[in-house]
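For the numbers below, each heavy atom of this structure counts, side chains included, while hydrogens, waters and symmetry mates do not.
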Amino acid sequence: MNFSGVPDNFLGRSLRIILKIIPPNAQVRILQGKLKGKKWIAGSSVNGCWLGSYEYEKQILFEQTIQRGKVVFDLGANVGFYTLLSSLLVGDAGKVIAFEPLPRNYKLLRKHLSINRINNVEVIEAAVSEKAGTICFDEGPHASMGKIADQGNLEVQIVGLDELFNEGKIPSPDYLKIDIEGAEFLALKGAKKLIAQKHPMIFLATHGKEVHHDCLKFMTENGYRLSSINKEKKLEETDEVLAVYN
């Protein structure tokens, strides 16, 4: 059930009142989906995460697509919903590399991995961009909205995927999940060789029309077939794209 889509009626308002009284530090169990029963810090992100309805269509697509024994890169892991889901889907023979630069999110991500005894995930405390270095980062009004910004109040490490791969620090990915608040095109450019050689499937969330256009052009030129994850929106209108190599 998509709890995030509960209408604003008596039932919906009653549910939201109940959710507000749960202490933010409480450990709860995820209620549905592949992650049902896994532990989650209630106030770490939106309630849809532990209700099991977070980004419902994208979550279902993940479950239907990602195969056991494969390698997933989670770019913009935040506090770890897709990291946990990917970890479960690839199994013990697979691996997940999670990238998250914001200290608050990084700490909660590691906590979620610890309380669920996850051991097939490697966490890299950095933002993914075109190349390695440091950059200013704006934490944003919400923990899920941090982004690279010239006037950011925090300095973070950035990495490029091609550089990490060439240095032997990461394996080649079978899947890329990219949701990094406007830096998506920079991350793609920093993984140009990996993408051209390994052709990973890409789950891409874009932020802004220019970034969306640049990302779609990049992926099309690299031989990818593109579709909207939200079936009700056209490719030009959506901000959630699935890219599969032809």
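- Between the side chain of Asp174 and the backbone N or O of Met201, no donor-acceptor pair lies under 3.5 Å.
- The OG atom of Ser172 lies 5.0 Å from the CZ atom of Phe165; values are rounded to the nearest 0.5 Å.
- Listed for the Asn120 side chain is a donor-acceptor partner under 3.5 Å among the backbone atoms of Gly91.
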Please test Phe203 against Thr65 for side-chain contact (heavy atoms from CB on, under 4.5 Å), starting from the C-alpha separation and ending with a verdict.
CA-CA 11 Å; Phe203 300 84; Thr65 304; 4.0 Å; yes
Could you give me the CA-CA distance, side-chain angles and deciding distance for Asn230 and Glu57, then say whether side-chain contact (heavy atoms from CB on, under 4.5 Å) is met?
CA-CA 7 Å; Asn230 184 339; Glu57 289 183 333; 3.8 Å; yes
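- Note that CG of Asp74 is 11.5 Å distant from CD1 of Ile124, once rounded to the nearest 0.5 Å.
- Glu236 has its side chain out of reach of Leu216: every pair of non-hydrogen atoms, C-beta onward, lies at least 4.5 Å apart.
- Distance check, rounded to the nearest 0.5 Å: CG of Leu161 to CD1 of Ile170 gives 5.0 Å.
- In terms of modelled atom types and a separation under 3.5 Å, the side chain of Glu100 and the main chain of Leu102 share a donor-acceptor contact.
- Here the side chains of Leu84 and Leu113 are in contact, with some heavy-atom distance below 4.5 Å.
- Of all heavy-atom pairs spanning Asn47 and Ala42, the tightest one is OD1-O, 4.2 Å.
- For Pro200 against Leu194, the heavy-atom pair with the smallest separation is CD-O, 4.1 Å.
- Enclosure of atom CD in Gln27 by more than 12 non-hydrogen atoms of other residues, nucleotides or ligands within 6.0 angstrom is indicated.
- For Gln157 (side chain) and Pro101 (main-chain N/O), no donor-acceptor pair under 3.5 Å exists by modelled atom type.
- For Leu154 against Pro103, the heavy-atom pair with the smallest separation is CD2-CD, 3.6 Å.
- Among all heavy-atom pairs drawn from Ser87 and Val96, the shortest one is N-CG2, 3.6 Å.
- If you take NZ on Lys38 and CZ on Arg117, they are separated by 10.5 Å, rounding to the nearest 0.5 Å.
- Counting heavy atoms of neighbouring residues, nucleotides and ligands inside a 6.0 Å radius, atom NZ of Lys34 does not exceed 12 of them.
- Remark: side-chain polar atoms of Arg225 are not paired, donor with acceptor, to backbone N or O of Leu242 under 3.5 angstrom.
- Distance CZ/Phe81 to CH2/Trp40: 7.0 Å, rounded to 0.5 Å.
- Considering only heavy atoms from C-beta on, Val79 comes within 4.5 Å of Arg104 through its side chain.
- Applying the side-chain hydrogen bond (donor to acceptor under 3.5 Å, both in side chains) rule to pairs touching residues 183-205 yields Glu184-His207, sequence neighbours excluded.
- Remark: Ile229 CD1 to Glu240 CD distance equals 5.0 Å, nearest 0.5 Å.
- Counting heavy atoms from C-beta on, the side chains of Pro173 and Ile97 never come closer than 4.5 Å.
- The two residues Val123 and Leu109 make their nearest non-hydrogen contact at CG1-CD2, 3.7 Å.
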Between Lys177 and Ser86, does a side-chain contact (heavy atoms from CB on, under 4.5 Å) hold up when you go through it step by step?
CA-CA 10 Å; Lys177 171 258 175 183; Ser86 298; over 6 Å; no
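- Considering only residues two or more places apart in sequence or on other chains, Ile60 meets the side-chain contact (heavy atoms from CB on, under 4.5 Å) condition with Tyr56, Glu63, Gln64.
- By the 4.5 Å heavy-atom criterion applied to side chains, Leu35 and Gln59 are not counted as neighbours.
- Checking side-chain atoms of Thr238 against main-chain N and O of Lys233 turns up no donor-acceptor pair under 3.5 Å.
- Contacts of Glu232 classified as salt bridge (Lys or Arg N to Asp or Glu O under 4.0 Å), with partners at least two apart in sequence or in another chain: none.
- Across every non-hydrogen atom of Val211 and Phe185, the tightest pair is CG1-N, 4.3 Å.
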Determine, stepwise, if the pair Asn78 / Asp179 fulfils side-chain contact (heavy atoms from CB on, under 4.5 Å).
CA-CA 9 Å; Asn78 198 260; Asp179 188 351; over 6 Å; no
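- Within the 4.5 Å cutoff, the side chain of Phe218 has heavy atoms near those of the Ile195 side chain.
- Side-chain contact between Phe99 and Ile180: absent, with no pair of heavy atoms (C-beta onward) separated by less than 4.5 Å.
- Using a 4.5 Å cut-off on side-chain heavy atoms (C-beta onward), Cys215 and Leu204 make contact.
- Heavy-atom neighbours of Asn246 CG from other residues, nucleotides or ligands within 6.0 Å: above the threshold of 12.
- At distances below 3.5 Å, not a single donor-acceptor pair connects side-chain atoms of Tyr54 with backbone N or O atoms of Tyr82.
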